[in-house]
*Asks:* 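Attaching a single structure in structure tokens format; questions to follow.
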Protein chains: 2
Amino acid sequence: MAYRETDKIKERKAEARENIVKAAHYLVATKGFGAASVSAVAKEADIATGTVYKYFPSKGELLCEVFRDATEREVEKVAAAVNTAGSAPARLQAAIECFARRAIQGRRLAWALIAEPVDPQVDQERLIYRQAYAEIFENLLREGILKSELPQQSPSVSAAAIVGVISETLVGPLSPPTRRELHDTVKPSELDEERLVSSITRFCLQAVCGPNSSI
Amino acid sequence: MAYRETDKIKERKAEARENIVKAAHYLVATKGFGAASVSAVAKEADIATGTVYKYFPSKGELLCEVFRDATEREVEKVAAAVNTAGSAPARLQAAIECFARRAIQGRRLAWALIAEPVDPQVDQERLIYRQAYAEIFENLLREGILKSELPQQSPSVSAAAIVGVISETLVGPLSPPTRRELHDTVKPSELDEERLVSSITRFCLQAVCGPNSSI
DNA sequence: CAATAGTGTGAATAATGATTCACTTCATAA
DNA sequence: TTATGAAGTGAATCATTATTCACACTATTG
């Protein structure tokens with residue numbers, strides 16, 4: 001025995017691995033999963049193609065990890081927004097606004113996570129992601145209904161619907177984030193974005209709160 | 001000159017072409033675009049791979065045509081539902097129910113049209129498709145607002161939101177229509193489906209009609 | 001029938017992109 | 001030092017599919 005994995009190496013390996021994930025994340029957040037071929041990732045990370053496979057068994061595994069990481073970050077933010085003090089409608093509003101604003105900010109990433117055509121392995125992951133969002137809303141709704149802060153309704157359907165509203169209004173239309181940018185040289189002003197967010201919020205709150213509600 | 005395209009031949013060609021489209025449609029409606037490779041389509045149509053190219057310049061063109069056909073049929077139905085007599089909310093309800101019911105019936109087709117990862121050429125077409133749906137709703141909303149049957153709101157955002165609600169609640173969760181079916185041997189009863197449709201309808205109507213509304 | 005203009009065929013080709021692998025370089029410890 | 005085992009390399013290989021093409025077959029007209 002003349003070789004053993006030392007701590008220094010272990011650390012360096014972790015760093016290298018992390019680097020690959022970062023490179024892949026960058027490509028995804030910047031140009032989508034379509035641009036994240038193994039060789040592109042390798043180039044971005046300044047290593048050889050083969051090296052990627054010393055750290056990940058397959059492209060799918062790598063991209064799943066990237067997806068999971070990005071996703072977790074997003075979901076956490078929304079979950080945090082839910083944990084505001086206040087009535088169920090107020091918390092719901094906070095959550096929806098958080099979700100929507102972040103999607104607008106990181107258009108391309110949002111598109112990649114929500115709408116970009118991806119290979120089945122990642123798509124599977126996406127299901128979990130949407131589920132995670134839906135669950136946040138669902139729990140909140142359930143609680144609100146219990147406390148009679150919200151009218152009777154199917155929490156699971158309403159939750160999925162909210163996710164759908166945001167996906168479609170923000171990400172769907174923007175889906176290929178390039179086309180639009182080619183035409184409108186002017187990017188939509190922050191004012192417009194605010195208007196959009198408030199339209200969406202109004203829609204969802206009214207749907208969920210029904211004939212009472214204070215927006 | 002010793003040959004000219006006769007009527008009989010013209011007809012036969014049209015038939016052959018139609019057959020290819022039908023075969024492709026069958027595959028798409030049955031197993032999604034992923035299963036509609038050129039050779040699979042050819043086999044389904046009982047012809048040689050190369051023959052497909054005597055009728056279509058590329059796979060993309062063929063699939064676009066399939067997509068467009070299927071799409072038109074769907075959109076027409078919803079458009080018809082809108083043309084009911086009655087108040088804006090009533091017509092909206094009819095349209096949403098029509099959209100939703102059809103999606104539930106033809107799950108796989110709905111999934112292919114709305115959510116399946118597809119190649120960019122078809123994806124482009126999909127954008128138009130969603131737009132078509134959104135426009136139906138948008139016009140209706142605009143009209144309703146004008147007649148004061150609906151409260152002030154952004155018709156374009158609300159319209160997109162409605163499309164999003166239906167996509168997510170019906171197609172998203174069902175997206176890989178197989179997985180679910182592997183577990184639940186029992187398919188969701190018609191009763192459940194009705195409940196689902198009515199939940200969705202309620203959500204959308206309340207969102208759009210606001211603090212008045214009669215569901 | 002012969003000449004012409006196709007259509008139908010399916011194996012070969014092309015393009016893309018993931019994965020492998022024989023080899024080189026590096027770190028470790030006897 | 002030097003033997004050992006792992007990390008890094010990147011060109012070659014594999015797999016998958018769309019697309020082409022040389023050839024066989026069929027219909028049409030003189």
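First the proteins, then the strands, lettered A, B, ... as listed; each starts at 1. Keep in mind the model is a prediction, meaning the values are calculated, not measured.
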*Asks:* Using OP1 and OP2 only, check whether a side-chain N or O of B/Y55 sits under 4.0 Å from C/dT7.
*Replies:* no
*Asks:* State whether the number of non-hydrogen atoms from other residues, nucleotides or ligands found under 6.0 Å of A/Y26 atom OH is greater than 12.
*Replies:* no
*Asks:* Using a cut-off of strictly less than 4.0 Å, decide whether A/K13 has a side-chain nitrogen or oxygen near OP1 or OP2 of D/dA7.
*Replies:* yes
*Asks:* Within the structure, does a side-chain N or O atom of A/R12 lie under 4.0 Å from either OP1 or OP2 of C/dA27?
*Replies:* yes
*Asks:* Which residue pairs pass the salt bridge (Lys or Arg N to Asp or Glu O under 4.0 Å) test with at least one member in residues 33-54 of chain A, sequence neighbours excluded?
*Replies:* none
*Asks:* B/E116: which residues meet the salt bridge (charged side-chain N to carboxylate O under 4.0 Å, His left out) condition with it, sequence neighbours left out?
*Replies:* none
*Asks:* Go through the structure and list residues passing salt bridge (charged side-chain N to carboxylate O under 4.0 Å, His left out) with A/K13, not counting sequence neighbours.
*Replies:* A/E5
*Asks:* Residues two or more places apart in sequence or in another chain: which of them pass salt bridge (charged side-chain N to carboxylate O under 4.0 Å, His left out) with B/R12?
*Replies:* none
*Asks:* Give me the distances for all protein-to-nucleotides 21-25 of chain C N/O pairs that come in under 3.5 Å?
*Replies:*
none

*Asks:* Can you see if the side chain of A/K8 gets near the phosphate of C/dA27 - specifically, an N or O under 4.0 Å from OP1 or OP2?
*Replies:* no
*Asks:* For A/E194, check salt bridge (charged side-chain N to carboxylate O under 4.0 Å, His left out) against everything at least two apart and list the hits.
*Replies:* A/R101
*Asks:* Could you state the CD1-P distance from A/I20 to D/dA7, rounded to the nearest angstrom?
*Replies:* 12 Å
*Asks:* Within this structure, what is the CZ-to-P distance between B/F33 and D/dT17, rounded to whole angstrom?
*Replies:* 16 Å
*Asks:* Classify B/F56 by what it touches in the nucleic acid, base, sugar-phosphate, or nothing, heavy-atom distance under 4.0 Å.
*Replies:* nothing
*Asks:* Could you check which of D/dG10, D/dG8, C/dG10 has an atom nearest any side-chain atom of A/T49?
*Replies:* D/dG10
*Asks:* Using whole Å, report how far CD of A/E15 lies from P of D/dG8.
*Replies:* 11 Å
*Asks:* In whole angstroms, how far is the P atom of D/dT17 from the CG atom of B/L62?
*Replies:* 16 Å
*Asks:* Hey, can you pull the residues of residues 35-48 of chain A with a non-hydrogen atom under 4.0 angstrom from DNA chain D?
*Replies:* A/I47, A/A48
*Asks:* Have B/S156 and B/E138 got a donor and an acceptor in their side chains that come within less than 3.5 Å?
*Replies:* no
*Asks:* Considering only distance and modelled atom types, tabulate donor-acceptor pairs under 3.5 Å from the side chains of residues 68-81 of chain B, sequence neighbours left out.
*Replies:*
residue: B/R68; atom: NE; partner: B/E125; partner atom: OE2; Å: 2.9
residue: B/T71; atom: OG1; partner: B/F67; partner atom: O; Å: 3.0
residue: B/E74; atom: OE1; partner: B/R102; partner atom: NE; Å: 2.9
residue: B/E74; atom: OE2; partner: B/R102; partner atom: NH2; Å: 3.0

*Asks:* Taking only residues two or more places apart in sequence or in another chain, which ones pass side-chain contact (heavy atoms from CB on, under 4.5 Å) with A/A40?
*Replies:* A/L27, A/S37
